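Note that the numbering runs from 1 along the sequence shown for the chain. As the structure is a prediction and not an experimental result, all values here were calculated from the model.
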Amino acid sequence: MSALALHHIPASPETIRWGIFDATFPPLLTVQSGDTVVLECVSGTPEMLPPAAMGATIPPALLAIHKANPPRMAGHILTGPVAIAGAEPGDTLEVRIDKIDLGSDWGYCGFRPLMGTLPEDFPERWVSHIKVDQQRRIGTLPWGLELELSPFFGVMGVAPPPNYGAISTKEPRQHGGNMDNKELGAGSTLFLPVWVPGANFSAGDGHGVQGDGEVCINALETCLTGTFTFILHKGEKLAYPRGETATHYISMGMNEDLDLAMKQALRQMIAFICSRTNRSPEEAYAFCSLAVDFRVTQTVNGEKGVHGMLKKGLLF
């Protein structure tokens, strides 16, 4: 489906929310199903800005947001929300991630006390600034190693259920949010259940590259610009976020207990297989053991993540 209209939202103190999802936030823009929206997203607290000796360029929008000092919770700078006309609870929002552009020439990776997968082993604050070559799409680590970048948004989500109130962007939940799923790069699709009229989609937490697990708490945190096309599926109720790439279907599970996150991702994959085939739950369960790869998405957001990867072409 080609875009019906193209919209653009820059990052600014007026277009971001810092660390907060809340169903009461009004949308910046209401678009039609089929429209495409370009969202400029920035990342980095003041203490994470690169040293002057690095020679990096700090996006003016990020400095303006720091100067404005907007209300914030612990979490990420998100651009949005964007409403989709006609979206209602019980619908599904399809988010096509058409394109992701690198938005700055630097990023960072680090950890801090009481956070990460091994806080008992690494109790001090530590940060590494990383040069980003936007043309070559390469990140150069301080010791000279070059990593090929594969950018994606750590946070993509709709407004959460209204009874949640204001919640941190740190924990991923059934509205999406801080899923940190590196499979959701350009060309992939995210499916999200709708919880409020308009759905109200936001994105941020740009990652230049990440390993599954995101073990220290950060990926290569950087500024990204995303191009998203929104497709509304009326009356198609979805229990939990789901993804799709050119090669795989993706189920997701999130829980503070990694075992329970695994069970949730498995149950979601069984349900998906049964919805697409005439396989029984028993057959789907066994098929998952034969053909689905379950991976640890991240272990650092309170609600840990597991995602199941089912190669396309195996369902019939």
Side-chain angles (χ1 to χ4, degrees), residues 1-11 21 28-29 31-43 76-84 87 91-104 107 134 137 148-159 169 172 175-194 199-210 212 214 219-233 238 240-252 295 297-298 305 307-310 312:
M1 177 184 293
S2 59
L4 299 178
L6 178 65
H7 310 269
H8 182 270
I9 299 179
F21 275 110
L28 302 172
L29 175 71
V31 303
Q32 300 297 315
S33 178
D35 283 2
T36 295
V37 181
V38 177
L39 296 179
E40 293 183 8
C41 301
V42 294
S43 291
H76 315 83
I77 303 173
L78 305 185
T79 303
V82 174
I84 292 77
D91 298 338
T92 291
L93 180 64
E94 176 183 346
V95 182
R96 297 182 181 175
I97 306 161
D98 300 323
K99 185 181 179 184
I100 300 177
D101 293 309
L102 296 165
S104 65
Q134 295 167 267
R137 294 173 77 85
E148 183 178 351
L149 300 185
S150 184
F152 70 99
F153 289 91
V155 177
M156 293 182 287
V158 293
T169 62
H175 67 290
N178 192 25
M179 297 173 290
D180 286 329
N181 191 325
K182 72 176 188 179
E183 305 296 336
L184 298 175
S188 68
T189 302
L190 174 64
F191 297 87
L192 294 166
V194 175
N200 290 358
F201 177 87
S202 301
D205 187 28
H207 290 174
V209 68
Q210 177 196 293
D212 282 333
E214 199 194 20
L220 195 174
E221 308 292 319
T222 192
C223 303
L224 298 179
T225 295
T227 302
F228 305 93
T229 297
F230 301 104
I231 308 296
L232 180 62
H233 297 276
L238 185 67
Y240 219 71
R242 180 173 66 78
E244 186 174 327
T245 70
T247 58
H248 288 79
Y249 300 110
I250 306 172
S251 68
M252 302 185 204
R295 301 173 181 171
T297 320
Q298 54 77 24
H307 60 280
M309 301 283 292
L310 169 59
K312 288 183 174 179

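His248 contributes atom NE2, which lies 7.5 Å from atom CG of Leu310 (distance to the nearest 0.5 angstrom). Atoms CD1 and SG, from Ile77 and Cys41 in turn, are 10.0 Å apart once rounded to the nearest 0.5 Å. With rounding to the nearest 0.5 Å, the separation of CG in Asn181 from CZ in Arg295 is 9.5 Å. Rounding to the nearest 0.5 angstrom, the gap separating the CD1 atom in Ile9 from the OG1 atom in Thr225 is 12.0 Å.
A donor-acceptor pair under 3.5 Å is absent between the side-chain atoms of Gln32 and the main chain of Leu4, judged by distance alone. Looking only at distances, no side-chain donor or acceptor of Thr92 sits under 3.5 Å from a matching main-chain atom of His233. Gln134 places a side-chain N or O within donor-acceptor distance of the main-chain N or O of Leu102, the cut-off being under 3.5 Å. Under a 3.5 Å cut-off, the side chain of Thr79 and the backbone N or O of Glu40 do form a donor-acceptor pair.
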* To do: Might you work through the side-chain contact (heavy atoms from CB on, under 4.5 Å) test for Val37 and Phe201, ending with a clear yes or no?
  => CA-CA 11 Å; Val37 181; Phe201 177 87; over 6 Å; no
* Chi angles and distances behind the side-chain contact (heavy atoms from CB on, under 4.5 Å) call for Lys182, Asp212 -> CA-CA 7 Å; Lys182 72 176 188 179; Asp212 282 333; 3.5 Å; yes
* Should Ile97 and Phe152 be marked as a side-chain contact (heavy atoms from CB on, under 4.5 Å) after you check the CA-CA gap, both sets of side-chain angles, and the distance that decides it? -> CA-CA 9 Å; Ile97 306 161; Phe152 70 99; over 6 Å; no
* Asked: Given the rule in the side-chain contact (heavy atoms from CB on, under 4.5 Å) test, do Met252 and Leu190 qualify, once you have shown the distances and angles that lead to the verdict?
  -> CA-CA 11 Å; Met252 302 185 204; Leu190 174 64; 4.0 Å; yes
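Residue pairs meeting the salt bridge (charged side-chain N to carboxylate O under 4.0 Å, His left out) criterion with at least one member in residues 220-232: none, sequence neighbours excluded.
Looking at Glu183 and Met309, their side chains come closer than 4.5 Å, going by heavy atoms from C-beta outward. In this structure, Thr189 and Phe191 have side chains that are in contact, with non-hydrogen atoms separated by less than 4.5 Å. Taking 4.5 Å as the limit, every side-chain heavy atom of Met179 sits out of range of all side-chain heavy atoms of Thr297. Using a 4.5 Å cut-off on side-chain heavy atoms (C-beta onward), Leu238 and Glu94 make no contact.
Here the shortest heavy-atom pairing between Ser188 and Thr245 reads CB-CG2, 4.1 Å. Shortest non-hydrogen contact noted between Ser202 and Pro81 is OG-CA, 3.3 Å. The nearest pair of heavy atoms linking Leu6 to Val38 is CD1-CG2, 4.0 Å. The two residues Ala203 and Leu39 have their closest heavy-atom pair at CB-CD1, 4.2 Å. In plain terms, the two heavy atoms of His207 and Gly154 that are nearest each other are CE1-CA, 3.9 Å. Residues Cys223 and Ser43 share a closest heavy-atom pair of SG-N, 3.6 Å.
Under the 3.5 Å distance criterion, with hydrogens and angles disregarded, a donor-acceptor pair is assigned to the side chains of Thr36 and Thr229.
Each of Thr222, Asn178, Leu224 was checked for a side chain to side chain contact (heavy atoms under 4.5 Å, CB included) with Asp205, and the lone residue meeting it is Asn178. Each of Ile84, Leu93, Val82, Val194 was checked for a side chain to side chain contact (heavy atoms under 4.5 Å, CB included) with Val158, and the lone residue meeting it is Leu93.
Using bins of under 30°, 30° to 60° and over 60° for the plane-to-plane angle, the ring pair Phe228/Phe153 lands in the tilted bin.
Under the side chain to side chain donor-acceptor pair (under 3.5 Å) criterion, Lys312 pairs with Glu244, sequence neighbours left out. Residues forming a salt bridge (Lys or Arg N to Asp or Glu O under 4.0 Å) with Arg137 (at least two apart in sequence, or on another chain): none.
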